[in-house]
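Read through the structure below, which is laid out as structure tokens, and then see the notes.
For the single chain, residues carry numbers from 1 onward in sequence order. Heavy-atom basis, side chains included; hydrogens, waters and symmetry copies ignored.
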Amino acid sequence: MSSVFIVTGKITGNTLIDFSTGPNISHLLSVCDYFTEIIILETNDFSLTHAEKWWKGEEETFDWSHLSDVCSEGDRKKWMKKEETLRRKVKSIMKFDESKENPIDKSVFSKASCVTSFYLLSHISKDREAYSKNIRKLASMLDIGGHLFLGGTFNVKYFSIGEHQFHSLPVDEEFIRTVLADGGFSIKLIEKQDSKVVNKAVKYEKVFLAYAVKVKEV
């Protein structure tokens, strides 16, 4: 769902900022051709370190070549070219400090054409007020007319790693519509799919993708 508008050529621009869960590049591979530069934001040192290792082409990093079937029809040479294109487009990988009102150094880049954020805000927002503030922080990175793609889950109960369960803020469609409108966005689309997860690692009702355009400063 996340890249359908971009890969059809409907959305292009100068800068794309990604703020998503972990050092994950999978969703960026299909959209990197449509932006001049990409900035990746990470919330912790572990993700920052491993994202930088991938960017520098170091050996001790996660191997994303299993995505070649999706991105390059299984062609290894095409895959390597696509991955190098993404590396070349990445301008910076930065730490996002959510404890600060201005969590990144905005002096190093101009406002973005597009911001993507997938499966993260519910994990780093302790309550709905914090979630709303994080939406406004994302909005502050965008030009008027800029595009936001926000993905997550509705009514998540928990997610777990091994025997340990971790915080994830439950949100619903009404709340997402409210915080986006309050953040200066016009919502163009919200897509939803029922949960198909059958394991005990995570429990939620629906996965969602919201697409919105920034129409005003707030």
Side-chain angles (χ1 to χ4, degrees), residues 1-6 17-31 40-48 50-51 62 64 67 70 95-100 103 114-142 147-214:
M1 292 191 298
S2 62
S3 59
V4 62
F5 287 93
I6 300 175
I17 297 176
D18 179 62
F19 183 49
S20 298
T21 300
N24 185 352
I25 65 166
S26 58
H27 54 292
L28 297 175
L29 288 162
S30 58
V31 304
I40 297 174
L41 306 180
E42 300 290 358
T43 59
N44 58 72
D45 292 335
F46 177 88
S47 294
L48 186 69
H50 282 271
F62 191 79
W64 292 99
L67 296 173
V70 177
K95 183 76 171 287
F96 181 101
D97 187 347
E98 68 263 29
S99 67
K100 296 180 179 179
C114 183
V115 169
T116 54
S117 182
F118 300 117
Y119 304 103
L120 181 62
L121 293 194
S122 284
H123 299 327
I124 67 170
S125 304
K126 65 179 181 179
D127 53 32
R128 290 192 166 193
E129 181 180 359
Y131 194 108
S132 180
K133 288 181 178 179
N134 282 324
I135 288 289
R136 289 173 182 249
K137 289 174 184 177
L138 295 184
S140 72
M141 302 175 195
L142 278 169
H147 308 274
L148 172 68
F149 287 90
L150 177 68
T153 55
F154 286 149
N155 298 317
V156 63
K157 304 299 183 184
Y158 61 82
F159 80 96
S160 59
I161 300 175
E163 299 178 353
H164 303 282
Q165 289 190 1
F166 295 89
H167 164 82
S168 192
L169 180 71
V171 299
D172 53 26
E173 182 174 351
E174 180 181 4
F175 173 72
I176 293 299
R177 288 185 178 277
T178 297
V179 295
L180 289 176
D182 291 347
F185 291 98
S186 172
I187 300 170
K188 302 302 181 183
L189 174 74
I190 294 183
E191 288 188 354
K192 300 160 285 184
Q193 292 181 359
D194 290 337
S195 171
K196 297 180 181 179
V197 174
V198 293
N199 60 55
K200 297 180 179 181
V202 63
K203 185 176 179 59
Y204 59 90
E205 290 182 5
K206 296 179 185 291
V207 61
F208 77 88
L209 169 72
Y211 164 49
V213 175
K214 182 177 176 179

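- Of all heavy-atom pairs between Asp127 and Ala130, the closest is OD1-N, 2.8 Å.
- Taken from CG in Asp97 to CG in Leu41, the straight-line distance is 12.0 Å, to the nearest 0.5 Å.
- With hydrogens and angles disregarded, no donor-acceptor distance shorter than 3.5 Å links the side chain of Ser132 to the backbone of Arg128.
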Discussion item. Let's go through Ile176 and Tyr131 carefully: what are the C-alpha distance in whole Å and the side-chain angles of both, what is the deciding distance for side-chain contact (heavy atoms from CB on, under 4.5 Å) to 0.1 Å, and is it a yes or a no?
Written reply: CA-CA 10 Å; Ile176 293 299; Tyr131 194 108; 3.4 Å; yes
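- Using a 4.5 Å heavy-atom threshold, the side chains of Ile135 and Phe185 count as touching.
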Fill in: Trace of the side-chain contact (heavy atoms from CB on, under 4.5 Å) decision for Leu209 with Gln193
CA-CA 9 Å; Leu209 169 72; Gln193 292 181 359; over 6 Å; no
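- Checked by atom type and distance alone, the side chain of Lys214 pairs as donor or acceptor with a backbone atom of Leu142 at under 3.5 Å.
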Discussion item. Could you walk me through whether Glu173 and Phe208 satisfy the side-chain contact (heavy atoms from CB on, under 4.5 Å) test, starting with their C-alpha distance in whole Å, then the side-chain angles of each, then the deciding distance to 0.1 Å, before giving a yes or no?
Written reply: CA-CA 9 Å; Glu173 182 174 351; Phe208 77 88; over 6 Å; no
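- Taking the six-membered ring where tryptophan is involved, the planes of His147 and Tyr211 are essentially parallel, since the angle between them stays under 30° and well short of 60°.
- Between the CD1 atom of Ile17 and the CG atom of Leu148 there is a distance of 11.0 Å, given to the nearest 0.5 Å.
- Ring geometry, Phe118 versus His27: the interplanar angle exceeds 60°, so the pair is classed perpendicular (tilted spans 30 to 60°).
- Interatomic distance, Ser117 OG to Asn134 CG, rounded to the nearest 0.5 Å: 8.5 Å.
- Interatomic distance, Glu191 CD to Leu189 CG, rounded to the nearest 0.5 Å: 4.5 Å.
- The nearest pair of heavy atoms linking Ala210 to Leu180 is CB-CD1, 4.0 Å.
- Rounding to the nearest 0.5 angstrom, the gap separating the CZ atom in Phe154 from the CD atom in Glu174 is 11.0 Å.
- Judged by distance alone, with hydrogens and angles left aside, the side-chain atoms of Ser122 form a donor-acceptor pair with the main-chain N or O of Leu169 at under 3.5 Å.
- Closest approach of Glu42 to Pro23, counting heavy atoms only: OE2-CA, 3.5 Å.
- In this structure, the separation between CG on Leu121 and OG1 on Thr21 is 8.5 Å, given to the nearest 0.5 Å.
- In this structure the side chain of Phe19 never reaches within 4.5 angstrom of the side chain of Met141, judged on heavy atoms.
- Between Lys95 and Asp45 there is a salt bridge, with a side-chain nitrogen of the basic residue lying less than 4.0 Å from a carboxylate oxygen of the acidic one.
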Practice prompt. Take Val179 and Val171, measure what side-chain contact (heavy atoms from CB on, under 4.5 Å) needs, and give me the verdict at the end.
Written response: CA-CA 11 Å; Val179 295; Val171 299; over 6 Å; no
